[in-house]
Amino acid sequence: MTDKKKITIALAGNPNSGKTTIFNALTGERARTGNWPGVTVAKREGELDYKGYEFKIVDLPGTYSLTSGTPEEIIARNFIIEGKPDVVIDIVDSSNLERNLVLAGEIIELGTPLVVALNMWDEVKKKGYRVDVNLISQLLASPCVPTVATQSTGTTELLDAVISIVEAKGEVRRITVGYGRVIEPVIHRIQAEVEDIPSLAEKYPPRWLAVKLLEKDSGVIEVVNGLGAQANELKEVLKKCNVDIEKKLGEHSEIAIPDQRYGFAAGIFREAVRLPAEERRSFSDTVDRVVMSRGFGLPIFIILMWLAFQLTFAGGAPLMDVIDRAVGLLGDWAGSIIPEGAVNSLIVDGIIAGVGGVIIFLPNIFILFLVISFLEEWGYMARAAFIMDGLMHKIGLHGKSFVPLLMGFGCTIPAVMATRTLETRKDRMVTMGIAPLMSCGARLPVYTLLIGAFFHEKVAGNMLFLIYVIGVLLAVLVALVFRKTIFKGETTPFVMELPPYRLPTLSAVAGISWNRASHYLRKAGTVILAASIVIWFLFNYPYNPESDPVWREKQDKIANDFKREVERLDAEYAGIDVPEGVVEVQGLLADAEALFEETAEGLEEDTAEYPMAEDDFEDTLHGLEVKYPNVYNPAFAYHLAVKTEAETMQQLEYEMSAVKMERSFAGRIGHAIEPVLKPCGFDWKIGVSLVAGLAAKEIVVSTMGTIYSLGEEADEESGALKEVLRNDETFTPLVAFSMMMFVLIYFPCIACVAVLKSESGSWKWPLFVLGYLTVLAWICSFLVFQVGRALGIGI
Amino acid sequence: MPMPLTMAERGRELVLCEIRGGMGIRRRLTDMGLHTGSHLKVISNSGHGPFVISVGDTKLMIGRGMARKIMVEKPP
């Protein structure tokens, strides 16, 4: 009888995976049971002849892994290492694949050729799983054979697979179980040490040993310790590596390593197995499947957020107008009943104007709160936090951080307050630190003004979007920097309650929103009140042109010029028969003029509507001329005189305001900081406007109005202000963009600083945030301006 | 035999036997009602979407990295 070729097979697998059944199916009668040496664990061996080979089959104890935890594991492992079977068949419960794959991974790591028996295959069919056998084979670089041990199906295929491996000896593809960027280099280092020790390297696969050492496998460590002095260097390196891993991953290597192994198994499972369609689920669950799915989750989120913003800005607008008008009326009324002087100015220009500017935003903020509270009560926010967690995680934040950051687009103050929902101090501080970069609503008027003045209508929307995007990008950058420097450490693990969807009551939502809104009002109100007073003082003192004789002279001159002109006209038109007619027509002329002014206020000279308005005006004048031929000329002359006086007087007043501002404390500050701002392209006027923004960003535009001699009435829609800015030689599109960058980034209003202090517990963080934001603003403006100038853009 | 939570099948009732992580993680989970001995049930483990379990009457979403560190086993 020719010598049959011998093949030794070891059967491994999880307990309850049908290993014994397969063993019996393979060996039948020719099996015997004994004990593994030194232990009371049963050892089964058997033989089988097939296709000219003599198979010796050893049934290893059932184990979940090959780490030295239990005697079974040690036995199984030692047999594979020392007994050197030709092939290991891993018998796997196919309906429980993921866990079973962990063992397969470990067998691969030991280096012995593997065949996987996907046992209990009938269960897979019954449960409706879809398993891609070929894919698993590929991913494991090992043949996979579906079997149903109880029906003895697949056993011959198993043996065929074993034979094919044995016959292809040496030319078999292998895979390595990877342990990731941090651990792999460490494994290599230790592997190198292991390879230097012959007694180790000859007996054990070096890489496997390295992994096991890192995993602090007791059996392996015992072996190494038993080597005495030769292993000293290895032990040194090992110690260092463990510390290294712990530092970089934030967890011990003995946890990190098995963790990666589970990841390996999970990865294969995810690729190759499709679970059956879910059974009947609750409505909530069905909705969630879409809301949190990879495909629809983010788009749904973006749409909802966009809706939220639309509601906030569009819904808030009409109310804002009402409040604007109300504040204006209040100012007028107060101005009229309080005697002229400092108190009048303080109350009207300082307090009412300042606080009013903030209250205007209340509708916006309240609506934003309403929307967010609704989404929270409804339960969506928890899902949104999950969806955002992926992105947030990348910059070192928790998914929950996105709610405060979102609110920052309305107002930074409630955003900072909202960080209370974050669980760790680290998350809170970092989120608070970057919330100001989410461009708040108060900065919008500045953008509107500058974009309207310097950029073409068509690109206006994009410019605005660009500014907001830059804010977000900077926030991401700063968050990353914070996480790498002052707030190092692991990201908070994601664990969040998943509340069921429930439709909230209007009263509940309104109640919560009102609560938050009033909190904001109180916080903001008090600080802004104080700040308004300070700013008023800085802008109105020490110089008052009213008391300066130079200006008094000019006012007198205008008054006298007017008086003389009227006298002259009286003389010229002394003989008019219908003086009442003159007055009447004068009135009509004044009306027409006023109408034209009102229409033209928002327009600029190069828009299409302006000439149309001009034409309408001309037509009205012409009509009057035709209708009242006798009195038209004198009426027009008087009208002109009145108009000239009014305009020149007003212009003088504006000039006085401007000079007052220039010579005020604020103006001096502006001049003082001009050298610092010049590299960003700014002059002292811009400087003063930026200083005004300290109190509240809303004030920047009105300050600009005053400084450029257009009075405080000018707002971001004012055509006149836009024109003045364009004509100013310092102001170019580039400077405008640079200024927008500065306004975007530099620190938020004083009220916000106050809230930062109360939420973070000390002055340290708010002062630091203030500092870094201003420096960052300067750097960005500087870069924009210098680079733009060098490239010749927008000058 | 303990296994990571990620490998548990949907619908399975399980007992938490170990949390492989530092103090921080352990505390977070305890706050949410998960500690050694807690009974929990896997609601959703589809590979996409969050890992969802129920502990008592509460449903929790757990990140996968986190779930791998929670070792569970079948109740006795």
Side-chain angles (χ1 to χ4, degrees), chain A residues 14-16 63-65 70 95-102 127 250-252 254-255 258-260 262-263 265-266 269-271 273-275 278-279 281 284-285 288-289 291-295 297 382-383 385-387 389-390 393 399 423-424 489-500, chain B residues 1-14 16-35 38 40-74:
Chain A
N14 284 5
N16 303 318
T63 60
Y64 289 96
S65 78
T70 62
S95 65
N96 220 334
L97 202 50
E98 193 176 341
R99 186 185 357 148
N100 282 257
L101 284 171
V102 178
K127 283 192 179 173
E251 59 185 1
H252 298 295
E254 69 246 38
I255 294 182
D259 201 45
Q260 291 285 18
Y262 295 134
F269 182 75
R270 214 175 17 241
E271 293 294 317
V273 179
R274 289 284 167 269
L275 298 172
E278 317 283 324
E279 313 97 36
R281 318 182 91 193
S284 253
D285 292 331
D288 277 341
R289 282 189 69 208
V291 165
M292 289 200 272
S293 65
R294 218 183 281 174
R383 277 88 180 159
F386 166 74
I387 295 171
D389 191 58
H393 194 91
E423 284 137 21
T424 58
E490 271 183 75
T491 18
T492 316
F494 188 77
V495 177
M496 248 188 98
E497 192 184 324
L498 190 69
Chain B
M1 172 66 205
M3 61 175 170
L5 187 52
T6 44
M7 292 188 183
E9 276 182 354
R10 203 172 5 105
R12 273 251 187 268
E13 307 243 352
L14 300 156
L16 202 164
C17 55
E18 188 192 343
I19 298 176
R20 298 186 137 201
M23 271 301 296
I25 293 184
R26 268 196 271 253
R27 204 160 36 90
R28 292 286 321 288
L29 291 175
T30 318
D31 288 345
M32 297 252 147
L34 285 177
H35 44 262
S38 297
L40 54 97
K41 181 167 162 185
V42 178
I43 307 259
S44 171
N45 180 7
S46 63
H48 313 294
F51 193 90
V52 181
I53 62 171
S54 70
V55 188
D57 286 326
T58 324
K59 282 207 235 172
L60 293 178
M61 287 190 285
I62 303 189
R64 245 147 237 290
M66 181 78 152
R68 276 218 288 268
K69 300 192 166 58
I70 300 176
M71 307 300 281
V72 294
E73 58 191 355
K74 296 208 185 75

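Numbers restart at 1 for each chain; the letters A, B, ... are given by sequence-line order, proteins then strands.
Applying the side chain to side chain contact (heavy atoms under 4.5 Å, CB included) test to A:Ala266 and every residue at least two apart in sequence or in another chain returns A:Glu98.
Each of A:Gly263, A:Gly399, A:Ala265, A:Gly297 has some count of heavy-atom pairs under 4.5 Å with chain B, and the biggest count is that of A:Gly263. Annotation: maximal heavy-atom pairing with chain A below 4.5 Å, among B:Glu9, B:Arg68, B:Met3, occurs at B:Arg68.
Looking at heavy atoms from C-beta onward, B:Met7 lies in side-chain contact with A:Tyr262 at the 4.5 angstrom threshold.
In this structure, chain A has no heavy atom under 4.5 Å from any part of B:Leu34.
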